[in-house]
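Quick note: numbers below take in every heavy atom, side chains included, and nothing from hydrogens, waters or symmetry partners.
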Amino acid sequence: MRTKKSIFFKIITERIPEFLLGISGSLTSLIILLIIVFLFREGFGLFSNPSVEKGYVLCVHASNPVEKLNPDQIKQLFDSEITDWKTVDGDDLPVMLFRFDEIFSLYSDEELGENYSLLPQKLGEVIAENPNIIAFLPEQYVPRTAEWVKILPSEQIRVADFFTGKDWLPTATPSSLYGVLPLIAGTLLVSIFAILIALPLGLGAAVYLSELANERTRKILKPMTELLAGIPSVVYGFFGLAVLAPLIQKTLNLPTGETAFTGSVILAVMALPTIITIAEDAMRNTPRAMREASLALGGTQWQTIYKVVIPYASSGITAAAVLGTGRAIGETMAVLMVTGNAAVIPHSLFEPVRTIPAAIAAELGEAPAGGAHYQSLFLLGCILFVITMLVSVSAEIISKQKYKEAV
Amino acid sequence: MNKKTSQTTAFWIFRLLGIIVVGILCWILGFIIFNGMGVINWEFLTTAPTEGMTAGGIFPAIVGTLCLVAGSIVFAFPCGVMSAIYMNEYAGNGWIVKFIRIMTNNLSSIPSVVFGLFGMALFVNTLGFGDSILAGSLTLGLLVLPLIIRTTEEALKAIPDAYRTGSFSLGASKLQTIRRVVLPVAFPNIITGLILSIGRVSGETAPILFTVAAYFLPRLPGSIFDQVMALPYHLYVIATSGTDIEASRPIAYGTALVLIVIVLSMNILASIMRRYFGRKVKTN
């Protein structure tokens, strides 16, 4: 009886807490799993959307030989960049654009009948009269029964278009363009240049901290670089906006100070603490024996640093560069505030760009939940997630490699 | 001679680079402090914004940030500490721990805007919390979870095994040992991690953009299902898209200063505590 009670007691006091601890132990793995599920489910939903805005269709005259249009052609047609049907394999006729609201300037409300019941019929008449028309109409008013009306089949958004498209115009009508290239180009340009600035600065400071500074200076400087990491990114963004952007605009005489270059400079400062901390750790881990061997052979302190310490720490330094890049790629607010947010493929450093995280932050607020635009932003999130995972895994692998020639 | 000149040159370059890094920090802090000092007064801290956010104070944003900090810590602190206890005290050194550690590392490398997306998909839309303190706190909680786990794990690792074996030999169970011996000794260092997390949470913007932050909401939240203003988001708004950016500049400086003071004082406090208690455990 007593033993039974004590076993029961033990289950309550030991096994249950242990079980709870185990659950919290698996929490981070569970969260990552959930992030993957939610991100990818929403993101890949994009490809089941029609390329023409949901709830709308495109109609042409039945005599028009054009059977289908891709999103790019639709965009150019409605932007009047294509003005002739011949360009899209049709007849030699000028294109006549017809948007739904134009019907209200052709007919009065009385003519359209009660609750617009005559609207489809009138639309049918308009299409029948114009063999060169392309009409962008809500699905519910499409004159399906009318003669001379051909509804263009709506394609789904294609994976290839997303990854190779050169236009990011998620709110364009009738056909939004989700081409991720400008955003990827913007992200890479800004973060690569940021690392190019941050690496020499960060490594130099790391060498100084680990090899040259005396203990007292180190005790002051080390926490200061950590403070740099503590400053919130929105404050960096504000600083960039209020100080750096005007400064760059003035000194380089640019039309705007909010450029990829400004973003790179701010990101470089933000990546500094990561680079300094990791590189310095790696350098300080150089075995004392190796340094002393170099000095005993008559090497100067500087020769010891660049022939012994830096090669020994090279894997750590590479990891620092990789992690710094990872931080730069994922950084959102500061970049959003200083890069000017133009979603076009940049031709130089001194133009406004938009990065992937900035696009998510800037557009998600306006994108209705569940729509194609919303899903496209989740797909951007997937890309970002995959990139940062690759970065953190490769940094892990790199930093585990020991300096082989030392053995 | 040649050797010596190249050494001197190189060392001066490194010194210069070190000074530049410190200079950048001083420039940024100096700029914010210098411009923000004049704005901050009691009224600025205790009144709501007025006249399209070009006048008045930032009281609702301060309260909002406090709510978010409290909410996220209430969620993340127990989970993180328990997770670390499991990893350090129970799971041994097998592949499970390695796997969890890699996952925790990966979680901490995910960009904050992805947390924002996830929080919006899971808490706001799927679970139906809407834009609320609850959704925002949970999102921020996920973000700092790896930080709390890592600092707690380090705190637990710093405790010599003699403490544990001593407790076991007196007949204490594992859980009793953790509760009565391990946790009390590790407590100061765990609190240091907590303070660091508070600093981190109060400065994050991207995760709260779509989960809780309100553009302008001059009243205080009534429940955890209300939206709130928050300091970092408020700074973003008045710096980029306010009604009159020039007129609201002084307020932006003030907001930035308040934000920086909160975040950096947490960081400094944590580093002082780490130094103080770190020394204490070592001498034991």
Side-chain angles (χ1 to χ4, degrees), chain A residues 13-14 17-18 20-22 24-29 31-32 34-35 38-39 42 201 204-205 207-209 212 221 223-228 230-235 238-239 241 243 269 272 276 300-302 326 330 332-333 337 357 360-361 364-365 369 378 381 384-385 388-389 391-392 396, chain B residues 3 6-7 10-11 13-15 17-18 20-22 24-25 28 31-32 79 82-83 85-87 90-91 100 103-107 109-114 117-118 121-122 125 142 145-146 149 173-175 199 203-206 209-210 232 235-236 239-240 252 256 259-260 263-264 267 271:
Chain A
T13 55
E14 293 283 327
E18 203 178 319
L20 288 177
L21 288 171
S24 1
S26 56
L27 199 60
T28 48
S29 318
I31 292 167
I32 292 207
L34 276 177
I35 290 180
F38 271 87
L39 237 53
E42 291 282 355
L201 203 55
V207 170
Y208 176 67
L209 274 179
L212 305 180
L221 290 189
M224 284 184 96
T225 56
E226 276 161 20
L227 277 196
L228 214 48
I231 298 177
S233 66
V234 66
V235 174
F238 177 57
F239 178 76
L241 201 63
V243 179
V269 176
L272 271 180
I276 295 177
T300 61
Q301 201 186 349
W302 166 231
T332 314
M333 295 316 289
M337 290 167 83
I360 298 174
L364 193 58
F378 273 82
L384 210 54
F385 178 83
T388 47
M389 279 291 149
V391 164
S392 90
E396 195 128 316
Chain B
K3 264 197 210 164
S6 75
Q7 165 152 333
F11 283 8
I13 292 175
F14 289 135
R15 247 174 230 129
L17 292 175
I20 288 177
V21 171
V22 176
I24 293 172
L25 175 70
I28 296 175
F31 172 77
I32 303 281
C79 289
M82 279 166 74
S83 177
I85 291 175
Y86 178 76
M87 281 161 73
Y90 281 91
I100 294 179
M103 282 303 178
T104 312
N105 256 342
N106 285 346
L107 191 65
S109 72
I110 294 176
S112 55
V113 71
V114 174
L117 275 177
F118 174 65
L122 178 62
N125 293 337
L142 298 183
L145 197 56
I149 293 178
S173 69
K174 190 147 198 170
L175 199 71
E204 281 293 343
T205 318
L209 274 179
F210 320 111
L235 175 58
Y236 167 65
T240 59
L259 187 59
I260 272 203
V263 173
L264 292 192
N267 278 325
S271 101

Measure distances from [X] to the heavy atoms of chain A and classify the residue's part below 4.5 Å as side chain, backbone, both or neither.
X: B/Leu209; result: side chain
X: B/Tyr236; result: both
X: B/Phe11; result: both
X: B/Asn106; result: both
X: B/Leu175; result: both

What residue in [options] has the most heavy-atom pairs under 4.5 Å with chain B?
options: A/Met389, A/Glu42, A/Glu226; result: A/Met389
options: A/Leu209, A/Leu20, A/Leu227; result: A/Leu227
options: A/Pro357, A/Ala369, A/Pro223, A/Gly22; result: A/Gly22

With sequence neighbours left out, what residues match A/Thr28 under side-chain contact (heavy atoms from CB on, under 4.5 Å)?
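Checked A/Thr28 against side-chain contact (heavy atoms from CB on, under 4.5 Å); matches are B/Ile100, B/Met103, B/Thr104, B/Leu107, B/Leu145, B/Ile149.
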Do you know which of [options] has the most heavy-atom pairs under 4.5 Å to chain A?
options: B/Ser83, B/Ala10, B/Gly203; answer: B/Ser83
options: B/Pro232, B/Ser271, B/Ala256; answer: B/Pro232
options: B/Val263, B/Ile28, B/Ile20; answer: B/Ile28
options: B/Leu235, B/Asn267, B/Leu259; answer: B/Leu235

Do [X] and [Y] have side chains that approach each other closer than 4.5 Å (heavy atoms only, starting at C-beta)?
X: A/Leu221; Y: A/Tyr208; answer: yes
X: A/Leu212; Y: A/Gln301; answer: yes
X: A/Leu272; Y: B/Val21; answer: yes
X: A/Pro232; Y: B/Thr205; answer: no
X: B/Tyr86; Y: A/Glu18; answer: no
X: A/Met337; Y: A/Val234; answer: yes
X: B/Pro146; Y: B/Asn105; answer: no

Distance from [X] atom [atom1] to [Y] atom [atom2], nearest 0.5 Å?
X: A/Leu34; Y: A/Leu39; atom1: CG; atom2: CG; value: 11.5 Å
X: B/Phe210; Y: A/Ile360; atom1: CZ; atom2: CD1; value: 8.0 Å
X: B/Met82; Y: A/Ser24; atom1: CE; atom2: OG; value: 3.5 Å

Does any backbone or side-chain atom of [X] lie under 4.5 Å from a heavy atom of chain B? Answer side chain, backbone, both or neither.
X: A/Ile231; result: both
X: A/Thr332; result: side chain
X: A/Met224; result: both
X: A/Val269; result: side chain
X: A/Leu228; result: both
X: A/Phe238; result: side chain
X: A/Leu201; result: both

Apply ring pair (Phe, Tyr, Trp, His ring centres under 6.0 Å) to B/Phe118 and list each qualifying residue two or more places apart in sequence or on a separate chain.
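Scan of B/Phe118 (ring pair (Phe, Tyr, Trp, His ring centres under 6.0 Å), adjacent residues dropped) gives A/Phe38.
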